[in-house]
Amino acid sequence: MFSQAKNDQGVIKISDIYDYLVGMWEFMPEPGRTQSYSRIQEVFSVLDPEDDGYTSEAVVSALTRDQLKEMSLILEPAEPGNTYEYEYAQVDPDILRHVVQSLADKEKLNRKNFVEAYTRKDGSIYGTEKFANRFFDVLDHDDDDNVSLVDLNDGILDLALVPYRVYELREDRMHEVLEERKRRNRNDHDEL
C-alpha cells in the first residue's frame with residue numbers, strides 16, 4: 001500500500017492512507033468505524049512525527065520493531081499472551097504493591113527476598129526471575145540490591161508498576177471492544 005500511495009517525491013499523504021482505509025470500511029457499522037478512526041489517528045502520530053500530514057517511505061522503513069508492535073496493538077488490540085510482555089498482564093499490580101510494601105515493612109526489601117517472593121510457586125504472584133529483577137531494577141536506584149521505605153515513598157513504586165498498569169488498561173479497552181462487537185452482532189441479528 002505504501003509503495004502505491006507515494007508520489008514522485010517519495011512522500012505519502014496521510015489523507016490518502018486514510019481514504020484508502022475508509023474505502024475498506026464501507027460496510028462497517030458506524031460505532032466500529034468511529035472507533036477505528038480514532039485508532040488510525042493514534043497510528044498516524046507515529047507515521048507523521050512532524051504532524052504535517054505527510055510521511056515518507058524513509059520514515060516507514062525506519063520504524064523500529066517496538067513501533068510496529070505498538071501500531072499493531074493500537075489497530076487490533078491483542079491478547080497479551082501473544083506478546084513478550086505476557087507476565088505484565090498476568091501479575092496483579094495491587095498484589096505486587098502489597099508484596100513490596102509487606103517486605104519493606106519488615107525491612108527485608110532486598111533483591112534476594114523480593115525475587116524469592118515474586119517467583120514463589122505457592123505465592124500470590126508466581127512470576128519469573130527475569131521480570132522480578134526488571135521490576136527491582138526500577139526500585140533500586142543506587143544498585144545496592146536494597147530498597148528503603150524512603151525510596152518507596154518517593155513514588156518509585158508507582159513508576160515500577162507502570163507496565164503492569166498499562167496491561168490493566170489495555171485489558172479494559174479490549175473488554176470494551178469485545179462488548180461493542182457483541183452489541184453490534186446482536187443489532188445485526190435483530191435486524192434480520
Side-chain angles (χ1 to χ4, degrees), residues 31-32 34-49 51 63-183:
T34 302
Q35 190 174 48
S36 295
Y37 287 150
S38 67
R39 286 187 186 156
I40 286 175
Q41 288 169 334
E42 287 181 64
V43 169
F44 285 170
S45 68
V46 176
L47 292 175
D48 183 16
D51 197 28
L63 292 173
T64 65
R65 178 190 231 176
D66 287 341
Q67 288 173 311
L68 291 170
K69 186 167 62 170
E70 177 187 347
M71 290 180 353
S72 173
L73 288 172
I74 290 168
L75 286 173
E76 189 61 45
E79 162 62 38
N82 296 332
T83 69
Y84 293 111
E85 290 87 19
Y86 180 63
E87 191 163 322
Y88 289 133
Q90 289 303 110
V91 173
D92 183 323
D94 295 323
I95 291 174
L96 183 53
R97 174 186 292 281
H98 176 74
V99 167
V100 168
Q101 289 172 332
S102 295
L103 288 170
D105 287 344
K106 297 175 186 169
E107 297 182 22
K108 294 183 179 179
L109 187 53
N110 60 52
R111 184 177 301 273
K112 181 179 180 268
N113 290 341
F114 175 74
V115 170
E116 284 174 8
Y118 190 97
T119 59
R120 190 175 308 126
K121 289 181 182 173
D122 62 345
S124 55
I125 298 175
Y126 189 41
T128 63
E129 187 173 337
K130 176 182 176 180
F131 278 79
N133 280 306
R134 189 183 289 177
F135 182 86
F136 199 86
D137 287 344
V138 176
L139 298 178
D140 186 18
H141 64 88
D142 58 5
D143 295 327
D144 68 351
D145 287 344
N146 292 295
V147 176
S148 71
L149 285 172
V150 174
D151 292 335
L152 291 179
N153 291 335
D154 285 340
I156 197 74
L157 180 55
D158 290 329
L159 180 64
L161 289 168
V162 165
Y164 300 90
R165 296 277 182 221
V166 166
Y167 273 96
E168 232 180 15
L169 296 173
R170 191 174 286 161
E171 205 171 281
D172 289 345
R173 183 175 173 192
M174 188 162 54
H175 178 73
E176 289 172 17
V177 169
L178 292 174
E179 286 302 312
E180 179 58 36
R181 286 181 184 167
K182 286 179 188 175
R183 201 173 15 264

Kindly write out the residues that satisfy side-chain hydrogen bond (donor to acceptor under 3.5 Å, both in side chains) with [X], not counting sequence neighbours, or none if the list is empty.
X	answer
Asp137	Arg111
Asn113	none
Arg134	Tyr88

Practice task
List in chain and number order the residues that pass salt bridge (charged side-chain N to carboxylate O under 4.0 Å, His left out) with Asp48, two or more places apart in sequence or in another chain; answer none if no residue qualifies.
Solution key: none

Practice task
State which residues pass salt bridge (charged side-chain N to carboxylate O under 4.0 Å, His left out) with Lys130; sequence neighbours excluded, sorted by chain then number.
Solution key: none

Fill in the blank from the handout: Heavy-atom nearest pair, Val115 first then Glu129, reads CG1-CG, 3.8 Å

Handout entry: Non-hydrogen atoms of Leu152 and Ala104 that approach each other most closely
Key = CD1-CB, 3.5 Å

How many angstroms lie between atom [atom1] of [X] and atom [atom2] of [Y], to the nearest 0.5 angstrom?
X	Y	atom1	atom2	value
Asp92	Leu96	CG	CG	8.5 Å
Leu139	Asn146	CG	CG	11.5 Å
Arg165	Asp94	CZ	CG	4.5 Å

Problem - ring-ring contact (aromatic ring centres under 6.0 Å, His included) pairs, two or more places apart, involving residues 104-124 - result: Phe114-Tyr118, Phe114-Phe135, Phe114-Phe136

Problem - Short side-chain to backbone donor-acceptor contact, Glu87 and Phe131, under 3.5 Å - result: no

Handout entry: Side chain Asp140, main chain Asp145, donor-acceptor under 3.5 Å
Key = yes

Problem - Stepwise salt bridge (charged side-chain N to carboxylate O under 4.0 Å, His left out) check, Arg120 with Glu116 - result: CA-CA 6 Å; Arg120 190 175 308 126; Glu116 284 174 8; 5.6 Å; no

Handout entry: side chain to side chain contact (heavy atoms under 4.5 Å, CB included) assessment of Gln101 paired with Leu149
Key = CA-CA 8 Å; Gln101 289 172 332; Leu149 285 172; over 6 Å; no

Problem - From CA spacing to verdict: side chain to side chain contact (heavy atoms under 4.5 Å, CB included), His141, Ile156 - result: CA-CA 9 Å; His141 64 88; Ile156 197 74; 5.6 Å; no

